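Values below: every heavy atom of this structure, side chains too, minus hydrogens, waters and symmetry copies. In this chain, numbering begins with 1 at the start of the sequence shown. What you are looking at is a predicted structure, and each value in this text was computed from that prediction instead of being measured. Counting convention: from 1, in listed order, for ligands and their atoms alike.
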Amino acid sequence: MGDTPRVTLRLPNGETLELDVETARLGQDVIAIAPLLQHDVFAYDPGFLATASCQSAITYIDGEAGVLLHRGYPIEELAEHCSYLSVSYLLMHGELPDQARLDTYVDDILQRTPVRDNLKRIVQSFPQDAHPMSILGAALYGMAGLYHSEIDIQDETTRYHIACQMIAKMPTLVALCHRHNLGQELIEPQPEFGYVENFLYMLSGERPDPKLAEAVDKLLILHADHEQNASTATVRVCASSDTNPFAALASGIGSLWGPAHGGANEAVLNMLEEIGSVDSIEEYIERAADSSDPFRLMGFGHRVYKNFDPRALIIRGRCEEMLAMTGQADNGLFQLALRLAEIARQNDYFIERNLYPNVDFYSGIIMSALNLPKTMFPLIFALGRCAGWLSHWNEMIVQGYRISRPRQLYVGQERRSVPAQVGQPKRI
Ligand code: ACO
C-alpha cells in the first residue's frame with residue numbers, strides 16, 4: 001500500500017487530498033480522481049483532453065512516436081501479415097487465432113452475411129438520395145429491433161454471436177445502402193466468396209480481382225480500432241446504460257459521421273475538388289492558417305498523433321498500388337493531395353502545431369478508386385471500425401462498469417421565479 005504513487009491536491013476549501021496514481025503498462029499514468037466526489041468538487045476537462053475514461057488492454061497509441069499497437073502488435077505488421085477478420089478476432093479475444101479457430105470464426109461470420117427482408121425494407125424506405133450514413137444508422141437500429149428479446153449481454157457466448165452477426169452483416173448493409181443510392185436492387189451475398197470479396201461483389205455485381213480485395217482488406221485493418229476515439233467512446237457511453245448492443249453501435253455511426261472524425265475522408269475529397277489545382281494550394285493553406293477563417297485542412301491534425309499517423313504512411317503507399325491496379329495511375333487528386341501535404345508540412349503554422357496528414361487524408365483516394373461516391377467513404381470506415389466498437393463493448397462488460405454520467409461546471413441562471421405573464425400555447 002505504501003508503494004502506491006500518490007499526488008497531493010489542495011482543494012478549493014483548503015483541505016488536502018491524497019489521490020492514487022494508477023500505473024499504465026505503456027504510456028501515461030493516470031490520477032484516480034473519483035475521491036474528489038466526497039469533497040464536493042469535480043475535475044473539469046471539456047473534450048476529454050486529459051481524461052482517461054476507462055482501463056483498456058486493446059489498443060495503445062504513442063502519439064509522439066507515431067506508434068499504434070493492437071494487443072501489442074504494431075499496425076505495420078498486422079497490415080502486412082494478417083487479414084481483417086484475423087485482426088477483428090485479435091481485438092475481441094486478445095490473441096491472433098490459430099488456423100482452426102480462424103476457420104471456425106470465418107465460417108461463423110460468412111454464414112450470417114444475408115440480412116432479413118425487414119432490414120432491406122428499412123433501407124428502401126429512405127429517399128434514394130439520402131446520405132448512406134443515415135440509412136446505415138437506421139439499419140443498425142433495425143437490427144436492435146430484430147435481435148432484442150433473446151439478448152443477454154452478460155453471457156459470453158451471446159456476446160460472441162452478437163459480434164459475429166454485426167461483423168457479418170455490416171458489409172451487406174453497407175452494400176445495400178450503396179445499391180439503394182444507385183436505385184438498384186441488393187445483390188445477395190455469395191457463401192463461397194471471402195469476406196471482402198463478397199463485400200466488393202455486393203457493391204458492383206462483379207467478382208473482384210483478388211489484389212483489389214486484398215487492398216480493401218488492408219484498408220479495413222487500418223480502420224479497425226483506435227482506442228478511445230469519439231465513436232468508440234460514444235459506443236461505450238451508450239452501452240453503459242445496458243442498452244441493446246446494436247443500438248450502441250448505431251450511436252457509434254452517428255459520432256463517426258462528423259467531418260472531425262470518420263466523415264473527414266469525404267470532406268478531404270470535397271476539399272481537394274474545391275482546391276482544384278496545385279496553383280490554388282497556397283491560398284487554401286493561408287486560409288487554414290488564418291484563425292479568423294473557419295476553414296481547416298481536412299485530413300490534417302489529430303488529438304493523439306503529434307508527429308505522424310502511422311496509418312497515413314501505410315495508406316499513402318497503398319494509394320499508388322490501388323490507383324495503378326484500377327488503371328488510375330495518373331489520378332490528379334492523388335497528385336494534388338501529395339503536393340498539398342508537402343507544402344503544408346513546410347508551413348510554420350502546421351509545423352508549430354504538429355499538424356500532419358491523418359489516415360483520412362489518403363483513404364478517400366483509395367475509396368474513390370473503387371468508383372464509390374464520396375458519401376460512401378464514412379461507411380467503409382464504419383465497416384472497419386465495427387471490430388473496434390464491438391471489442392470495446394465486450395471489454396467493458398467483462399471488466400464491469402457503471403453508467404457513464406459526466407458532471408458539469410454550471411454557469412447558468414441562479415434560482416428565479418417564473419413571471420406571472422408568461423406566453424401560453426393556443427392548444428395543449
Ligand atoms: N487545419 C488547420 N488548423 C488545424 C487543423 C487543421 N486540420 N487541425 C488543428 N488545427 C489547429 C487548431 O486551429 C488549433 O490551433 P490554435 O492552437 O491556434 O487554436 C490547433 O491546431 C490544435 O487543434 P485542436 O482543434 O485544438 O485539436 P483537437 O485535438 O481538438 O482536434 C482534430 C483534432 C478534430 C482531428 C482537428 O485536427 C481537425 O479538425 N482536423 C481536420 C478534420 C480531420 O482530419 N479529422 C479526422 C481525424 S482522424 C480520424 O478520425 C480517423
| query | So which residues, sorted by chain and number, lie with a heavy atom under 4.0 Å of ligand 1? | reply |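 Answer by chain and number: Pro259, Ala260, His261, Ala264, Ala288, Arg296, Leu297, Met298, Gly299, Phe300, Gly301, His302, Arg303, Tyr349, Arg353, Leu355, Asn358, Val359, Asp360, Phe381.
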| query | Does NZ or CZ of Arg345 come closer than 6.0 Å to the centre of the six-membered ring of Tyr356, within 45° of the ring's axis? | reply | yes
| request: Give a yes or no on whether a salt bridge exists between Asp209 and Lys211, defined as a side-chain N under 4.0 angstrom from a carboxylate O. | output: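 Lys211 and Asp209: not salt-bridged.
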| field | Salt bridge present between Arg207 and Glu197 (N-O < 4.0 angstrom) | value | yes
| Ring centres of Phe300 and Phe350 under 6.0 Å apart? | yes
| message | Tell me if the centroids of the rings in His226 and His392 come within less than 6.0 Å of each other. | response | no
| field | No-hydrogen, no-angle side-chain donor-acceptor test under 3.5 Å, Arg112 and His161 | value |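 Judged by distance alone, the side chains do pair up.
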